[in-house]
Amino acid sequence: MNLTLHLTESCNMNCAYCTHEKTPKRMSPEVLHAAIRLAYSTGPHAGICFFGGEPLLEQDLIFEALDTCAGLTAETGKPVQYKMTTNGTLLTEAFLKRAKAAHIGIGLSFEGLAQDTCRRFADGRGSFAIVEEKAKLLLRYLPLTHAMMTIAPRAAGQFADSVQYLYELGFRRITATIAYGNKVQWTDEALAVLQAQLEQIAEFYSEKLLAGKPLYFSPLDAKIRDLLAGYPTAERCHLGMRQMPVAPDGRIYACTQFIGDEDYCLGDVFGGLLPEKCAALAKREATPETCRECALRTRCTNSCGCLNRLETGNERTVSPLQCSYERMLIALADETASKLYESAPEVFAQHFKSVS
């Protein structure tokens, strides 16, 4: 079973687009141990993602989790897979040595040259200089780390330069999305800037691929993969099916945006999942009704209940912003794929075999 452990609702940063409410709530050792036992209770492996708030504020809980999982793996024979999303400001060499030994896959929230535009500390200080140094340290220990970018409207003009900066810093895997929610306002002008920046990124991406020094850039790679192979049903975002968040109090929810909503509480780590609620979610059609006749429905994030709820307040309703952005990405990905295939079909085939 794959569980995302919200170790804390506190964070040492105050990002301009963040929609998560910060509170002093933290996960107790009792909840942590119960969650880990639940993760091992079913399936061929256990999956643990450390999340927050900022999970490194609870580094001792992470180390306790690693120790507990090591014991359960020895006892059950089941392997465990770890992930963590962090803002990076609290990374230390001691932690990274432990993370490397445990094979923790880390996603670093870092927007490159656009970092200080939106990602600042609670006291208003910029975070770029600190995260740049932490990123260099992180890449020494875990060179396959993802840089995770969230681009807000006011940072859109820095998008392409930031991707190039992150690549030159050493990141070869970059995930990126636009900022959603009520703290950002995307205008037609900002979306036009975004499209121009994405076109520049596509040129840089193609240049590196053809030079034999490829960049995995999620907005392009994922859409091109979907074009070639279709969107695997198992990978469709479906509430409560793939990765369930555990709140600090031990309650399990369908997805992150639904924490605190009793209608989407699927149980808790002490009593386990509620079969009837899980079954009801499993029966739901993933694609919203308004999208079922769209030719792009299998290549779009329309089924993401978290994103839909964040944007429209309803997990079954896709926002005009999301629709516009997805159409923009798909068109650019198809154009990029066509040009790459025409110029270097063998290179193209090899790259998308490796990322599929």
Spacing of CG belonging to Leu210 relative to OG belonging to Ser343, to within rounding of 0.5 Å: 4.5 Å
side-chain hydrogen bond (donor to acceptor under 3.5 Å, both in side chains) assessment of Gln350 paired with Glu346: CA-CA 6 Å; Gln350 182 58 40; Glu346 292 183 1; over 6 Å; no
Met328 with Ile224, same ILVMFWY side-chain cluster at under 4.5 Å: yes
Name of the residue among Gln115, Arg119, Glu132 meeting side-chain hydrogen bond (donor to acceptor under 3.5 Å, both in side chains) with Ser127: Gln115
Nearest heavy-atom neighbours spanning Ala333 and Leu220: CA-CD2, 4.0 Å
Beyond-backbone contact of Asp226 with Ile330, side-chain heavy atoms, under 4.5 angstrom: no
4.5 Å side-chain heavy-atom contact, Leu228 and Tyr341: no
In one Ile/Leu/Val/Met/Phe/Trp/Tyr side-chain cluster, 4.5 Å: Val269, Leu274: no
Pair Met149-Phe159, side chain to side chain contact (heavy atoms under 4.5 Å, CB included): steps then yes or no: CA-CA 9 Å; Met149 306 178 72; Phe159 196 3; 3.8 Å; yes
Expected output: side-chain Thr312 to main-chain Thr317 donor-acceptor under 3.5 Å: yes
Step-by-step salt bridge (charged side-chain N to carboxylate O under 4.0 Å, His left out) determination, Glu326 to Arg299: CA-CA 8 Å; Glu326 289 290 314; Arg299 301 179 60 200; over 6 Å; no
Polar contact flag, side-chain donor to acceptor under 3.5 angstrom, Ser10-Glu54: no
Nearest non-hydrogen partners of Leu273 and Cys278, listed with the distance: CB-SG, 3.9 Å
Lys25, NZ atom: more than 12 neighbouring heavy atoms under 6.0 Å: no
Side chains of Arg120 and Asp116 in contact at under 4.5 Å (non-hydrogen atoms): yes
From Phe63 atom CZ to Phe95 atom CZ, the distance as rounded to the nearest 0.5 Å: 6.0 Å
CG-NZ distance between Asn2 and Lys83, expressed to the nearest 0.5 angstrom: 7.0 Å
Joint cluster assignment, Met148 & Leu142, ILVMFWY side-chain distance < 4.5 Å: no
Closest non-hydrogen atom pair between Tyr325 and Leu198, with its separation: CE1-CD1, 4.3 Å
Interatomic spacing from CG in Leu296 to SG in Cys291 - rounded to 0.5 Å: 10.0 Å
Lys134 (side chain) donor-acceptor with Leu91 (main chain) under 3.5 angstrom: yes
Trace of the side-chain hydrogen bond (donor to acceptor under 3.5 Å, both in side chains) decision for Tyr40 with Thr73: CA-CA 8 Å; Tyr40 274 85; Thr73 291; 2.6 Å; yes
Rounded distance [0.5 Å steps], CG in Asp161 versus CD in Gln158: 8.0 Å
Side-chain donor or acceptor of Lys183 paired with backbone N/O of Ala16 under 3.5 Å: no
Pro44 to Pro79 - nearest heavy-atom pair and separation: O-CD, 3.6 Å
Within 6.0 Å of CZ in Phe128, more than 12 heavy atoms from elsewhere: yes
Between Phe204 and Phe217, ring centroids under 6.0 Å: no
Flag, side chain of Ser218 to backbone of Ala176, donor-acceptor distance under 3.5 Å: yes
Donor-acceptor contact below 3.5 Å, side chain Ser162 vs main chain Glu111: yes
Within-4.5 Å side-chain heavy-atom neighbours: Ser109 and Thr150: no
Stepwise side chain to side chain contact (heavy atoms under 4.5 Å, CB included) test for Thr298 and Thr287: CA-CA 9 Å; Thr298 60; Thr287 303; over 6 Å; no
Geometric class of the Phe110/Tyr165 ring pair [parallel <30°, tilted 30-60°, perpendicular >60°]: perpendicular
Arg251 (side chain) donor-acceptor with Gly260 (main chain) under 3.5 angstrom: no
Side chain to side chain contact (heavy atoms under 4.5 Å, CB included) between Leu321 and Leu191, intermediate numbers included: CA-CA 9 Å; Leu321 171 62; Leu191 286 172; 4.0 Å; yes
Side chain to side chain contact (heavy atoms under 4.5 Å, CB included) between Met84 and Leu56, intermediate numbers included: CA-CA 9 Å; Met84 183 178 78; Leu56 285 176; 4.2 Å; yes
NZ on Lys208 to CG on Leu215, rounded to 0.5 Å: 9.5 Å
Ring geometry between Tyr264 and Phe258 (parallel below 30°, tilted from 30 to 60°, perpendicular above 60°): tilted
Path from Leu194 to Leu166 over hydrophobic side-chain contacts below 4.5 Å: yes
Donor-acceptor contact below 3.5 Å, side chain Gln322 vs main chain Thr301: yes
Close side-chain approach of Thr92 and Leu137, heavy atoms under 4.5 Å: no
Ion pair Glu289/Arg292, N-O distance below 4.0 Å: no
Nearest heavy atoms of Ile201 and Ala160, plus distance in Å: CG1-CA, 3.6 Å
Minimal non-hydrogen separation, Ala135 against Leu108, with atom names: CB-CD2, 3.8 Å
Gln243 and Met1, any side-chain heavy atoms less than 4.5 Å apart: no
Check: Ser338 side chain, Asp334 main-chain N or O, donor-acceptor pair, under 3.5 Å: no
Heavy atoms of other groups near Gln185 CD, more than 12 under 6.0 Å: no
Residues, nucleotides or ligands: over 12 heavy atoms within 6.0 Å of Glu293 CD: no
Close side-chain approach of Val31 and Asp249, heavy atoms under 4.5 Å: no
Arg172 side-chain N/O to Tyr167 backbone N/O, donor-acceptor pair under 3.5 Å: yes
Co-membership, hydrophobic cluster, residues Phe270 and Leu38, 4.5 Å side-chain: yes
Test item: Asn308 side-chain N/O and Asn302 main-chain N/O as donor-acceptor pair under 3.5 Å: yes
Contact check, side chains of Cys69 and Ile36, non-hydrogen atoms, under 4.5 Å: yes
